[in-house]
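Below you'll find the structure I mean.
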Amino acid sequence: MDTDVIVIGAGLAGLQCARRLQRNGHRVIVLEAADAVGGRVRTDVIDGFRCDRGFQVLNPAYPAVQDWIDVDSLGLQAFGVGAVIRTATSTTTLAHPLRHPEHTLATLRSAHTPVSDLLALARWIAPTLRHSATGPRPDQDLTLHDSFDAAGLTGRLRRDVLDTFLAGVLADSSGQSSANYVRLLVRYFALGAPGLPRGGMQALPEQMAQWLLEPVRLNTAARDLQHTAEGVQVSTDAGTLRARAAVVAVGPQDLTALTEAPAPPTHGLTTWWFRSAELPQQGPFLMLDATRRGGGPAGPIWNTAVVSQAAPSYAPEGQHLIQATTLLDRPDGLAEEAEVRRDLERLYQRPTAGWELLTRHVVEHTLPVQPPPLPDASPQQVGERVLIAGDHRDHGSIQGALVSGDQAAESVTRLLTG
């Protein structure tokens with residue numbers, strides 16, 4: 001045997017799985033087809049700008065992050081807990097009154113936050129608060145759209161803010177995601193102030209990989225996975241490895257190449273990254289578009305932000321980094337640069353001709369589709385000594401990826417020691 005366990009995939013789930021196996025006393029080899037760890041959590045550094053592949057944030061309120069990640073060493077730079085709402089005639093900053101008291105009066109007086117909607121939002125989130133982090137029972141789960149209707153959350157807070165914000169978080173504008181899943185995410189947003197590590201989002205998986213005794217084998221794709229009498233064998237371009245067990249922690253789209261499990265459906269998005277010498281907007285807040293009649297974006301952009309206002313390390317001194325996100329479940333999710341620039345000009349109310357496009361990331365498999373009912377998470381065993389891990393086995397989030405990897409490691413430990 002070359003090792004006790006082979007973990008295929010060095011995303012968050014695979015890295016946490018390997019770390020837990022190591023702590024449980026097992027020898028581990030981690031294989032990664034890409035040139036760096038992280039899976040979907042990657043950062044491109046371009047001329048001193050840090051451009052994450054897909055607009056992502058790290059929420060320090062996630063229990064798995066609190067338990068297993070050294071957040072302090074990441075140098076988390078927090079976004080504002082709120083959003084700037086753009087309409088055809090106004091721009092309003094809505095913010096958490098305790099975290100941003102300077103915006104309290106404007107938030108409470110805003111037409112986007114009628115009292116009836118605030119009360120309905122409290123009714124909507126109450127099941128998760130009553131049931132702690134578990135939320136209501138799966139048989140009580142609804143789609144996000146239907147759950148808002150059931151709570152009476154039908155006014156401008158929903159149309160102008162929540163529908164657009166959550167569509168960007170979920171990479172899903174349909175409103176058909178599990179309400180229980182979204183309640184959990186909103187609960188963590190309420191408890192924490194999401195932000196960006198000083199070194200970019202990729203600093204998170206890099207920190208996790210540093211704790212492994214054997215370095216991740218990069219540029220080493222697993223070509224085939226077979227069961228043997230003693231365990232498993234994995235074929236790579238560099239040769240064949242044998243182990244007592246394996247955990248497949250690849251992206252959902254790559255599962256069927258190594259297992260008989262079907263590829264879970266996913267949602268996707270496109271993120272555009274621009275540099276500007278002039279600051280287009282003050283403040284560490286996400287901007288949402290509520291210009292369309294009835295609420296929602298009037299153009300392809302579902303959210304945008306001057307990321308360097310929240311995370312100064314993402315841009316060289318004196319420069320500014322702007323991101324804009326479109327959704328691939330919409331016809332304009334692959335909008336051309338000219339259309340995106342026109343939309344940014346409308347949103348920021350200033351010309352963008354002087355902005356330089358740094359890069360554009362089309363992330364087809366951003367998050368797993370998670371319709372109701374949200375199932376109880378558990379590792380998926382696809383053979384006597386093979387398990388699957390990933391956020392598609394738990395919740396589509398950093399929390400879900402970490403928990404899935406950890407649970408898979410504990411299951412493998414029971415297999416090997418039982």
- Query: Checking side chain to side chain contact (heavy atoms under 4.5 Å, CB included) for the pair Glu214/Ile29: CA distance, chi angles, key distance, verdict?
  - Reply: CA-CA 7 Å; Glu214 179 168 336; Ile29 291 175; 3.7 Å; yes

- Message: Checking Gln16 against Arg19: is there a side-chain donor and acceptor pair closer than 3.5 Å?
- Response: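 Per modelled atom types, Arg19 and Gln16 side chains form a pair under 3.5 Å.
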
- Query: side-chain hydrogen bond (donor to acceptor under 3.5 Å, both in side chains): which pairs involve residues 72-85, sequence neighbours left out?
  - Reply: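 Of all non-adjacent pairs touching residues 72-85, those that pass side-chain hydrogen bond (donor to acceptor under 3.5 Å, both in side chains) are Asp70-Ser73, Ser73-Gln207, Gln77-Ser313.
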
- Item | Carboxylate-amine/guanidinium contact Asp44 Arg50, below 4.0 Å |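 Not counted as a salt bridge, because no side-chain N and carboxylate O are separated by less than 4.0 Å.
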
- Task: Flag the pair Ile69 / Leu204 as yes when at least one side-chain heavy-atom distance between them is below 4.5 Å, and no otherwise.
- Result: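 When only atoms from C-beta onward are counted, Leu204 and Ile69 do touch, with a gap below 4.5 Å.
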
- Find the distance between OH (Tyr62) and CD1 (Ile398) and round it off to the nearest 0.5 Å.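 Here the interatomic distance stands at 6.5 Å.
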
- Could you grab the distance from atom CG of Leu344 to atom CD of Gln323, nearest 0.5 Å is fine?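 It is 9.5 Å, given to the nearest 0.5 Å.
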
- Which atom of Leu387 lies closest to which atom of Ser411, heavy atoms considered: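 Shortest heavy-atom separation between Leu387 and Ser411 comes out as CD2-CB, 3.4 Å.
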
- Salt bridge Asp52-Arg40, side-chain N to carboxylate O under 4.0 Å: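 No salt bridge links Asp52 with Arg40.
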
- Test ring pair (Phe, Tyr, Trp, His ring centres under 6.0 Å) applied to Phe189 and Phe165, step by step: CA-CA 12 Å; Phe189 274 117; Phe165 171 72; 5.5 Å; yes

- So, for Leu76 and Val71, which heavy atoms are closest and what is the spacing to 0.1 Å?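 Smallest heavy-atom distance, with atoms named: CD2-CG1, 4.2 Å.
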
- Message: Any side-chain to backbone donor/acceptor pair from Asp117 onto Leu157? Under 3.5 Å, distance only.
- Response: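 Side chain of Asp117 to backbone of Leu157, a donor-acceptor pair under 3.5 Å: yes, one is there.
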
- Looking at side-chain heavy atoms only, is the closest gap between Thr270 and His361 below 4.5 Å?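 No, side chains not in contact.
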
- Item | Where Pro316 and Gly48 come nearest, the two heavy atoms and their spacing |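 Shortest heavy-atom contact: CD-O, 3.7 Å.
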
- Item | Donor-acceptor pair between Gln370 and Asp172 side chains, under 3.5 angstrom |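 Not at all, the side chains of Gln370 and Asp172 share no donor-acceptor pair under 3.5 Å.
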
- Between Arg341 and Glu345, is there a side-chain N and carboxylate O pair less than 4.0 Å apart?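 Not counted as a salt bridge, because no side-chain N and carboxylate O are separated by less than 4.0 Å.
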
- Query: Is it true that the side chains of Glu410 and Asn24 contain a donor and an acceptor less than 3.5 Å apart?
  - Reply: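 Their side chains do contain a donor-acceptor pair, which is all the 3.5 Å distance test asks for.
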
- Query: Is there a side chain to side chain contact (heavy atoms under 4.5 Å, CB included) between Arg275 and Asp47 once you walk through the steps?
  - Reply: CA-CA 10 Å; Arg275 70 189 295 175; Asp47 296 337; 3.5 Å; yes

- For Ala263 against Pro252, the heavy-atom pair lying closest together: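 Reported closest heavy-atom pair: CB-O, 3.4 Å.
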
- With the side chain counted from C-beta on, respond yes when Asp163 and Phe148 share a heavy-atom pair under 4.5 Å apart, and no when they do not.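 Yes, their side chains come closer than 4.5 Å.
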
- Message: For a quick check under 3.5 Å, do Thr413 and His26 share a side-chain donor-acceptor pair by atom type?
- Response: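 Indeed, the side chains of Thr413 and His26 share at least one donor-acceptor pair under 3.5 Å.
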
- Message: If you count heavy atoms of other groups shown closer than 6.0 angstrom to CD of Gln381, is the number above 12?
- Response: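 Yes.
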
- Side chain to side chain, Leu416 and Val5, heavy atoms closer than 4.5 Å: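 They are in contact (side-chain heavy atoms under 4.5 Å apart), so the answer is yes.
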
- Item | Pairwise side-chain contact, Gln226 with Val232, heavy-atom cut-off 4.5 Å (strictly under) |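 Gln226 does not reach Val232 side chain to side chain.
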
- Message: Is the positively charged end of Arg183 above the ring of Trp124, judged by distance under 6.0 angstrom from the centroid and angle within 45° of the axis?
- Response: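 Satisfied, under 6.0 Å and within 45°.
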
- Ala401 backbone acceptor or donor facing Ser404 side chain under 3.5 Å: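 No, because the side chain of Ser404 does not come within donor-acceptor range (under 3.5 Å) of the backbone of Ala401.
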
Donor-acceptor contacts, no H, no angles, side chain residues 30-38, under 3.5 Å, sequence neighbours left out:
| residue | atom | partner | partner atom | Å |
| --- | --- | --- | --- | --- |
| Glu32 | OE1 | Ala10 | N | 2.7 |
| Glu32 | OE2 | Ala34 | N | 2.9 |
| Asp35 | OD1 | Arg42 | NH2 | 3.0 |

- Item | CA sep, side-chain torsions, deciding dist, call: Phe55, Tyr314, ring pair (Phe, Tyr, Trp, His ring centres under 6.0 Å) | CA-CA 13 Å; Phe55 180 53; Tyr314 269 55; 9.2 Å; no

- Query: If we only count heavy atoms from C-beta on, is the Leu402 to Met208 side-chain gap below 4.5 Å?
  - Reply: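 Sidechains of Met208 and Leu402: in contact.
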
- Message: Under a 3.5 Å distance rule, please check whether Thr366 uses its side chain to pair with a backbone N or O of Val363 as donor and acceptor.
- Response: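 Such a contact is found between Thr366 side chain and Val363 backbone.
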
- Pairwise distance OG1(Thr43) to CD(Gln202) - rounded to 0.5 angstrom: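 Atom-to-atom, Thr43:OG1 and Gln202:CD are 5.0 Å apart.
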
- Atom CD1 of Ile322 and atom OG of Ser308: how far apart are they, to the nearest 0.5 Å?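 OG of Ser308 is found 6.5 Å from CD1 of Ile322.
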
- Can you tell me how far the OG atom of Ser177 sits from the NE2 atom of His267, to the nearest 0.5 Å?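 Answer for the OG-NE2 pair, Ser177 versus His267, is 5.0 Å.
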
- Message: So Gln399 and Val403, do their side chains get closer than 4.5 Å, heavy atoms only?
- Response: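 Yes, at least one pair of side-chain atoms sits under 4.5 Å.
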
- Non-hydrogen atoms of Ser173 and Trp302 that approach each other most closely: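 Of all heavy-atom pairs spanning Ser173 and Trp302, the closest is CB-CH2, 3.8 Å.
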
- Task: Spell out, as yes or no, whether a donor-acceptor pair under 3.5 Å connects the side chain of Arg86 to the backbone of Leu347.
- Result: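 Pair found, side chain donor or acceptor close to backbone of Leu347.
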
- Arg292 and Asp160: salt bridge (Lys or Arg N to Asp or Glu O under 4.0 Å), yes or no, with the steps? CA-CA 9 Å; Arg292 188 179 62 198; Asp160 295 351; over 6 Å; no

- Message: When you measure from the side chain of Arg159 to the backbone of Thr154, do you find a donor-acceptor pair of N or O atoms at a distance under 3.5 Å?
- Response: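 Yes: the side chain of Arg159 pairs with the backbone of Thr154.
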
- Message: Does any part of the side chain of Thr87, heavy atoms only, come nearer than 4.5 Å to the side chain of His112, both counted from C-beta?
- Response: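 His112 vs Thr87: side chains touch.
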
- Query: Does the separation of the ring centres of Phe274 and His320 fall below 6.0 angstrom?
  - Reply: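 They do not qualify: ring centres at least 6.0 Å apart.
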
- Message: Walk me through whether Thr325 and Trp272 qualify under side chain to side chain contact (heavy atoms under 4.5 Å, CB included).
- Response: CA-CA 6 Å; Thr325 295; Trp272 297 76; over 6 Å; no

- Item | Side-chain donor or acceptor of Arg330 paired with backbone N/O of Gly333 under 3.5 Å |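 Absent.
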
- Message: To the nearest 0.5 Å, what is the distance between CD1 on Ile85 and CZ on Arg156?
- Response: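 Ile85 CD1 to Arg156 CZ: 10.0 Å, rounded to 0.5 Å.
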
- Under 3.5 Å donor-acceptor, Asp391 side chain and Gly400 backbone: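 No; judged by distance alone, with no hydrogens or angles, the pair does not exist.
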
- Looking only at side chains, do Ser178 and Asn180 share a donor and an acceptor under 3.5 Å apart?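 Result is no, nothing qualifies.
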
- Message: Show every side-chain hydrogen bond (donor to acceptor under 3.5 Å, both in side chains) that has at least one partner inside residues 229-241, sequence neighbours left out.
- Response: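 Sorted result for residues 229-241: Arg223-Asp237.
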
- Measure from the side-chain N and O atoms of Asp141 to the backbone N and O of Leu374, and report whether any donor-acceptor pair falls under 3.5 Å.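 The answer is yes, because a donor-acceptor pair under 3.5 Å joins these two groups.
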
- Query: Hey, does the side chain of Thr220 reach the backbone of Leu218 with a donor-acceptor pair shorter than 3.5 angstrom?
  - Reply: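 Here the side-chain-to-backbone pair exists.
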
- Query: Backbone N or O of Leu279 within a donor-acceptor pair of the Gln309 side chain at under 3.5 Å?
  - Reply: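 No.
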
- Message: Can you give me the closest heavy-atom contact between Pro300 and Asp332, atom names plus distance?
- Response: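 What the structure gives for the nearest pair is CA-OD2, 3.2 Å.
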
- Message: One pair to check against side chain to side chain contact (heavy atoms under 4.5 Å, CB included): Leu255 and Gln253. What are the steps and the verdict?
- Response: CA-CA 6 Å; Leu255 270 180; Gln253 69 278 11; over 6 Å; no

- Distance-only donor-acceptor check, side chains Tyr188 and Ser397, under 3.5 Å: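 No donor-acceptor contact under 3.5 Å links the two side chains.
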
